[in-house]
Amino acid sequence: MTDNAWTRWPSREALSRAGVPTPRRALAWTVRFLALAALLWTTFADGGPRGWAAAVAVLGVAVCALSAGAFFRTTLEHRLLPSLGLFALLLAVATTAEATGFRVPALVLWCACAVSAIERLPLAAALPAMSAALGAYAVADNDDWTATLTTAAGLALGGYVLRLDAEARGNAQRLLAQERAARVAEAESAALAERTRIAREIHDVLAHSLSAQLVHLEAARLLIERGAGQDRILERVVAARGMAREGLAETRQALSALRGEMSPLEDFLSELVATQDGADLTVSGERRLLPAEASQAVRRVAQEALTNIRKHARGARVHMRLDYGDRQVRLEIRDSGGSPGEMSGSGAGYGLLGMRERAELLGGTLDAGPQEEGFRVTLEVPV
């Protein structure tokens, strides 16, 4: 059976009454209770059925209540044949009630069946079911035919309005569920991005520091094994201690950055340049506060570039330039070239790759390569 407007069931969210406010539910149950009380009053008051007739009437009410509850469950589960069977049972009870003198309850039951059919069944099944209920109502009703026709049309329209209202509520419930799922996915994505960011910070901060310490300590071990002089061994140990201090300071800076407590970018670069002999810094453009990720990218690239210069171009003059543009910030680091340092062989060679990945994650670019004299690194990130 194709899924179209005629064969499509109302959604389960609509049929389950999910999302109906508590006051509205209370009002609906109050109306049902009052309608049932009025129906019973008109049935049993003023010399109504007694004895076995009263027992049969009570049994009929119980059968109607159980059948109606089962009809609501089967329609909620989108089971067509059981729903139609229960609907036919309700019509049969109404017909029996009308034949045994319970005319008012029969009319009310036919009207309720008509409204429930158009509200809860697929339209292809709802229209015939509603027509059967309203047809029985029209035959049993003694009012003028215009009043009967008007009542039947009003019942059909009311049932369709209830159907549309339930569908609108069901759509709202589905959209709410999708929004909640999207928020959960967004939170998971943000957590994953934060873990990736922390991992990148750990690598950038500790990788070159620990590798340099390892080189110095390994050199100290070899000197001890060869019986070298104390001064040479002490020199290596002091150098390893200095790298440990630098690594600790960088770790503190990284933790501050993760907490959002970063110092101004120009101050950071000035302090960084001050640790490099023969280095200078130029800042151009309108200075402003950068997003955390962009600011951190500039800091890490500057650190990595100076570390590489100390490794591979000892004694080189370094010029660092920071340019604030309208839509991006540009960092350029040039060195004049020099001799390889003692740690030129340390590290895993991931420095440039890490810097380029950091830039690309922000939608920026990083160019690095030799020039006429020395090496140049250029970073551009949008802000």
How long is the gap from [atom1] on [X] to [atom2] on [Y], to the nearest 0.5 Å?
X: Leu84; Y: Leu89; atom1: CG; atom2: CG; answer: 12.5 Å
X: Cys113; Y: Leu155; atom1: SG; atom2: CG; answer: 11.5 Å
X: Ile233; Y: Leu222; atom1: CD1; atom2: CG; answer: 10.5 Å
X: Leu265; Y: Gln296; atom1: CG; atom2: CD; answer: 10.0 Å
X: Glu188; Y: Arg183; atom1: CD; atom2: CZ; answer: 14.5 Å
X: Glu380; Y: Thr365; atom1: CD; atom2: OG1; answer: 4.5 Å

Does [X] reach the side chain of [Y], with side-chain heavy atoms less than 4.5 Å apart?
X: Trp110; Y: Thr95; result: yes
X: Val237; Y: Arg241; result: no
X: Ser67; Y: Val93; result: no
X: Val283; Y: Leu269; result: no
X: Tyr137; Y: Thr151; result: yes
X: Ile309; Y: Leu306; result: yes
X: Phe268; Y: Val298; result: no

In the hydrophobic cluster built from side-chain contacts under 4.5 Å, what are the other members alongside Val161? Leu157
Cluster partners of Leu234, using ILVMFWY side-chain heavy atoms under 4.5 angstrom, listed by chain and number? Val238
[X] and [Y]: which non-hydrogen atoms are nearest, and at how many Å?
X: His319; Y: Thr282; result: CE1-OG1, 3.1 Å
X: Leu272; Y: Gln303; result: CD2-N, 3.7 Å
X: Arg236; Y: Ala220; result: CB-CB, 3.9 Å
X: Ala140; Y: Glu98; result: CB-CG, 4.0 Å
X: Ala132; Y: Leu91; result: CB-CD1, 4.2 Å
X: Pro128; Y: Leu123; result: CD-O, 4.3 Å

With no hydrogens and no angle check, just 3.5 Å: does a side-chain donor-acceptor pair link Asp323 and Ser284? yes
Electrostatic pair [X]:[Y] at N-O distance under 4.0 angstrom:
X: Glu77; Y: Arg73; result: no
X: Glu235; Y: Arg232; result: no
X: Arg330; Y: Glu332; result: yes

Mark yes when over 12 heavy atoms from residues, nucleotides or ligands other than [X] sit less than 6.0 Å from its [atom1]; otherwise mark no.
X: Tyr324; atom1: OH; answer: yes
X: Asp280; atom1: CG; answer: yes
X: Arg180; atom1: CZ; answer: no
X: Glu225; atom1: CD; answer: yes
X: Asp326; atom1: CG; answer: no
X: Leu289; atom1: CG; answer: no

Side chain [X], main chain [Y], donor-acceptor under 3.5 Å:
X: Arg163; Y: Ile118; answer: yes
X: His78; Y: Pro10; answer: yes
X: Ser189; Y: Ala185; answer: no
X: Ser336; Y: Arg317; answer: yes

Using the ring of each side chain (for Trp, its six-membered ring), is Phe87 parallel, tilted or perpendicular to Phe71, with breaks at 30° and 60°? tilted
Set of residues satisfying side-chain contact (heavy atoms from CB on, under 4.5 Å) with respect to Leu362, sequence neighbours excluded: Glu293, Ala297, Val381
Option from Leu164, Thr75, Leu162 for which side chain to side chain contact (heavy atoms under 4.5 Å, CB included) with Glu119 holds: Leu162
Would Val383 and Arg288 count as a side chain to side chain contact (heavy atoms under 4.5 Å, CB included) here? Give the steps. CA-CA 10 Å; Val383 294; Arg288 61 183 183 277; 3.2 Å; yes
Any chance you could lay out the side chain to side chain contact (heavy atoms under 4.5 Å, CB included) test for Asp165 and Arg169, step after step, and finish with the verdict? CA-CA 6 Å; Asp165 177 69; Arg169 187 178 61 253; 3.5 Å; yes
